[in-house]
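Contents: one structure, followed by commentary.
Order of the sequence lines fixes the chain letters, A, B, ..., with proteins taken first and strands second; residue numbering starts at 1 for each chain.
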Amino acid sequence: MPTQPGTINADYKAPGGKLLRVQMQIVAGADGVSRIHALKITGDFFMHPEEAIEDLERRLTGAPLDEAELRARARAFFAGDVQVVGASAEDVVHALLKAA
Amino acid sequence: MSKLTWRLLLTGDKSAFDNMALDEAVLRHVVDDQSPPTLRFYGWEPSAVSIGYFQGIEQEVDLEACRARDIDVIRRLTGGGAVFHDHTGEITYSLAIKADYPGIPAKVVESYGLLCGGLVAGLQRLGIAAEFKPINDILVHGKKISGNAQTRRFGGILQHGTLLCDVNPRLMFSLLKVPTEKIRDKLIQGVEERVTSIRRELGEVDKAAVTDALIAGFADVLDIRLIPGDVSADELALMERIKGERYANPTWNHQR
């Protein structure tokens, strides 16, 4: 995702784990709710299978910037058939909220 | 029970593109029973920067600085952080086994300790007080000497990692992106406190002797027989193909 106006960045170091770097674009919908329009999560963590990162980004894209909603989506991903090493669902939520 | 037999590959110095493609080609052949479980040691010529699968290449690497110094930049198949692979300052290993290899924990995070054990035992043979530090590091008196990364794909497990022989923090941090020049200086100074090397621990670097110790360490810890062998013609052909599709391909390297 190219850096462009409206792109916000945040780095969040998971305690005892790895660095999560979030780049995202937020848009305010007609209903007045701010949503994640585009999202890229990078960093030195591990995820098995690796391609699952795209699934995580897809699940979070379109989400309202609401802590409970982001947590529900992150947890649903982590509960699936994936091993993430160096970051938890809660770390992803923290990184997103830090960026927002 | 008789020991399992592995192939030992000493492939010398190669380009980053050859090295990463060969790791994957060997893994695929091991998975398909075309090759035995394999432990490989190698070096980098020219020096290179590798980034983890999930890292942003522009975020982590000063591509202009790398170009100016003829240093290759490559995205790994494995996660983890950016690494400067110095031509003279590093010994690199990779090991490739099938996913159902006996005794390997199903959880990746639990398997690092076992697979890094070969390095730990090898360093201890040299009189270095190495210890595994979760998640994926090896430390000596609290300072990092080795970083390791694993992927599980195609029905197999590939783990590769580095052993620092010599540290050149000024060069390393001139190639990696850092927030500010002030922080660059701090990072360079911090390496003294956080990182060590074979040279710092032993006063000299004899790569052949260190590699021999690591080979013995892996043989001990994994209870295997390591038989020196060669890369097969099929593996070399696959390496060339994978290199074009992936590691020497800007689409792969710039995907994040």
Side-chain angles (χ1 to χ4, degrees), chain A residues 1-4 7-25 36 38-61 74 77-92 94-96 98-99, chain B residues 20 24 27 49-61 75-83 99 104-113 115-116 133-137 144 147-161 176-179 183 246 252-256:
Chain A
M1 191 167 68
T3 303
Q4 50 186 279
T7 300
I8 49 181
N9 304 289
D11 293 348
Y12 176 78
K13 167 77 166 62
K18 303 295 185 182
L19 184 69
L20 292 171
R21 310 187 77 169
V22 171
Q23 290 177 275
M24 63 182 181
Q25 286 176 275
I36 297 174
L39 170 72
K40 184 139 275 192
I41 301 173
T42 57
D44 62 355
F45 54 90
F46 295 87
M47 189 179 288
H48 311 273
E50 284 78 1
E51 288 76 12
I53 187 67
E54 286 161 30
D55 181 35
L56 175 61
E57 289 169 344
R58 207 177 304 119
R59 284 168 184 258
L60 293 165
T61 302
F77 170 80
F78 275 74
D81 195 14
V82 63
Q83 292 189 51
V84 184
V85 178
S88 66
E90 207 53 32
D91 293 324
V92 171
H94 278 292
L96 293 170
K98 193 175 170 192
Chain B
M20 292 297 95
E24 182 176 340
L27 175 65
V49 171
S50 78
I51 57 167
Y53 181 89
F54 304 100
Q55 292 189 299
I57 194 166
E58 306 260 3
Q59 272 179 318
E60 303 293 339
V61 186
R75 178 181 304 280
R76 298 190 306 269
L77 193 59
T78 51
V83 181
I104 303 294
K107 285 207 166 86
V108 175
V109 73
E110 291 169 9
S111 64
Y112 276 115
L115 295 176
C116 291
K133 169 81 190 315
I135 299 171
N136 54 334
D137 291 334
K144 180 168 169 172
N148 303 273
Q150 192 181 124
T151 184
R152 298 189 173 198
R153 279 173 196 258
F154 322 122
I157 299 173
L158 168 70
Q159 181 167 310
H160 47 204
L176 302 179
K177 286 262 179 79
V178 292
I183 285 176
R246 241 203 257 280
W252 164 264
N253 287 320
H254 288 263
Q255 66 177 282
R256 297 187 81 76

For this session: Among B:Val108, B:Val109, B:Thr78, single out the residue with the greatest number of heavy-atom pairs under 4.5 Å to chain A.
Result: B:Val108
Problem set entry | More than 12 heavy atoms of other groups within 6.0 Å of B:Lys177 NZ | yes
Exercise. Are A:Lys40 and B:Gln59 close enough that some pair of their side-chain heavy atoms sits under 4.5 Å apart?
Worked result: no
Problem set entry | Side chain proximity check, B:Asn136 to A:Lys18, heavy atoms < 4.5 angstrom | yes
Problem set entry | Toward chain A, the part of B:Ala82 with a non-hydrogen atom under 4.5 Å | neither
Exercise. B:Ile51 versus chain A, heavy atoms under 4.5 Å apart: side chain, backbone, both or neither?
Worked result: neither
Exercise. Which pair of heavy atoms, one from B:Arg256 and one from A:Ile41, lies closest together, and at what distance?
Worked result: NH2-O, 2.8 Å
Exercise. Where the side chain of A:Gln83 meets the backbone of B:Ala106, is there a donor-acceptor pair that is under 3.5 Å apart?
Worked result: yes
Problem set entry | Rounded distance (nearest 0.5 Å) linking atom OG1 of A:Thr42 with atom CD of B:Glu58 | 12.0 Å
For this session: Output the residues of residues 46-53 of chain A for which the shortest heavy-atom distance to chain B is under 4.5 Å, in residue-number order; output 'none' if no such residue exists.
Result: A:Phe46, A:Met47, A:His48, A:Glu50, A:Glu51, A:Ile53
Seminar exercise, completed: Most contact-rich option vs chain A, by heavy-atom pairs under 4.5 angstrom, among B:Ala149, B:Pro134, B:Gly80, B:Gly56, is B:Gly80
